[in-house]
Number of protein chains: 2
Amino acid sequence: MAGRPREFDRDQALEKARDAFWARGYEGTSMADLVSALGLASPRIYAAFGSKEDLFREAVALYEANEGGFATRALAEEPTARRVIERMLREAVETYTRPGRPQGCMVVSAATNCAVENDSVLHWLAEHRLARTVSIVERLKQGVRDGELKPDTDAETLGDYYATLMHGLSVQARDGVPKERLHALITVAMQSLDARLIRGA
Amino acid sequence: MAGRPREFDRDQALEKARDAFWARGYEGTSMADLVSALGLASPRIYAAFGSKEDLFREAVALYEANEGGFATRALAEEPTARRVIERMLREAVETYTRPGRPQGCMVVSAATNCAVENDSVLHWLAEHRLARTVSIVERLKQGVRDGELKPDTDAETLGDYYATLMHGLSVQARDGVPKERLHALITVAMQSLDARLIRGA
DNA sequence: TCAATTCTTTGTCGATCGATAAAGAATCAT
DNA sequence: ATGATTCTTTATCGATCGACAAAGAATTGA
């Protein structure tokens with residue numbers, strides 16, 4: 001077993017692929033683009049990653065494990081629903097507007113206008129977005145159970161509200177709206193949650 | 001002058017093109033898709049519309065003149081900033097979730113992940129989105145001047161906030177979130193504006 | 001040393017991309 | 001009627017799409 005060793009760093013190549021897909025999306029990034037971005041001939045890419053779609057799915061997984069993982073991290077690390085939501089939104093803005101990096105959210109913008117033959121990719125990303133909405137809603141429900149939020153709080157609606165706002169943030173960031181303005185509107189949006197808070201909880 | 005008359009209805013063909021682009025985006029809709037959707041051989045399409053990009057721009061203009069024109073209509077027809085914002089959001093939801101129609105906003109989703117050679121289309125739609133944000137901000141500033149909103153209201157931030165939410169609504173609608181849930185979150189979002197209202201104005 | 005294995009390189013595959021040339025068909029003005 | 005004009009049809013263009021065959025190069029275990 002084990003023949004000639006690979007001459008390039010697979011992880012490093014995957015990072016470059018993630019950035020390319022993040023910036024231009026699944027269909028917006030051609031194999032020729034990847035060849036040039038990764039500095040690898042196409043048979044080397046296919047040997048290491050299988051297909052363009054396989055590479056894309058790995059790239060999204062890498063994104064979600066790092067830059068795009070702010071929601072998961074906020075959910076895991078913050079003690080209150082209030083802090084989870086605000087940190088998630090603030091880190092979303094930071095991630096979506098980082099200078100010298102692709103703008104917006106890879107999960108939101110990498111496959112919105114797709115040809116029919118790539119519907120599987122489109123639906124896969126949609127499921128990721130819906131799963132994120134569900135996790136936000138669940139956390140708010142937990143906040144109600146914990147006595148952090150008023151008992152009559154509609155957690156699903158509030159979760160939909162923040163998920164919708166977060167997806168909108170990605171669009172705005174891609175359009176070049178500066179991060180200061182995005183942070184300012186988050187301050188407005190946090191008031192909806194503050195209104196549901198039980199003081200001193 | 002005036003040779004053989006055109007055998008098909010140009011306006012009707014444009015509507016079909018608008019629906020195709022609305023559903024699948026600029027690059028997601030191929031000329032072959034258009035040929036099949038319009039029921040016209042490609043030379044007839046080129047003769048009537050010039051190029052795929054010209055056709056797309058006309059299709060977007062048609063969208064904005066009808067289904068996508070709710071923001072403009074609300075701004076023109078509603079007497080208060082409060083009513084403009086709510087009607088705009090409610091009609092956005094209705095438009096984005098209409099059964100049997102393409103879901104979401106054509107301006108938001110038709111060109112997000114584009115190849116480099118179609119950057120012009122992408123930027124053109126981005127400008128449309130930014131112009132919509134500006135018009136919302138301007139209307140809120142007017143509300144402050146009219147004495148409808150409290151004098152210390154940050155109209156730009158509030159406008160950014162509603163524009164962001166509206167763009168997020170398009171993503172959610174495309175993901176299949178039912179319109180009842182979207183209407184519910186709008187009710188939450190309207191409280192941010194209600195908090196800035198001067199009672200009895 | 002030498003088969004077995006794996007990676008790299010070169011060249012190219014069929015399909016599809018947007019777009020058009022050329023010829024036939026139908027209308028106009030005269 | 002006839003020439004000018006415009007639309008429709010058929011066939012196809014070169015470029016690019018994602019993907020791979022085949023051969024050479026480098027490492028392994030025996």
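Reminder, nothing fancy here: chain letters follow the sequence lines and each chain counts from 1.
Of the residues in residues 25-50 of chain B, those placing a heavy atom less than 4.0 Å from an atom of DNA chain C are B/T29, B/S30, B/M31, B/A32, B/S42, B/P43, B/Y46, in numerical order.
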Show the atom names and distances, to 0.1 Å, of all donor-acceptor pairs under 3.5 Å that link a side chain in residues 41-51 of chain A to residues at least two apart or in another chain.
{"from": "A/S51", "atom 1": "OG", "to": "A/E53", "atom 2": "N", "distance (Å)": "3.4"}
{"from": "A/S51", "atom 1": "OG", "to": "A/D54", "atom 2": "N", "distance (Å)": "3.1"}
{"from": "A/S51", "atom 1": "OG", "to": "A/D54", "atom 2": "OD2", "distance (Å)": "3.3"}

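In this entry the distance linking CZ of B/R10 with C1' of D/dC7 reads 14 Å, nearest Å. Distance CZ (A/R4) to P (C/dT6): 14 Å, rounded to an integer number of Å. Rounded to whole Å, the distance from CZ on B/F8 to C1' on D/dC7 is 9 Å. Protein atom CD of B/E117 is 10 Å distant from nucleotide atom C1' of C/dC17, rounded to whole Å. A straight line from CG of B/L55 to C1' of C/dA19 spans 14 Å, rounded to a whole angstrom.
Looking at residues two or more places apart in sequence or on another chain, you find a salt bridge (Lys or Arg N to Asp or Glu O under 4.0 Å) between A/E58 and A/R10. Qualifying ring pair (Phe, Tyr, Trp, His ring centres under 6.0 Å) partners for B/H183, counting only residues two or more places apart in sequence or in other chains: none. Take A/K16 and apply the salt bridge (Lys or Arg N to Asp or Glu O under 4.0 Å) test, not counting sequence neighbours, and it matches no residue. Not counting sequence neighbours, the partners of A/T153 by the side chain to side chain donor-acceptor pair (under 3.5 Å) test are A/R196.
Salt bridge annotation for A/R82-A/E86: present, with a cationic side-chain nitrogen under 4.0 angstrom from a carboxylate oxygen.
A residue-by-residue look at A/K52 and B/P5 shows that B/P5 has its nearest nucleotide of DNA chain D further toward the 5' end.
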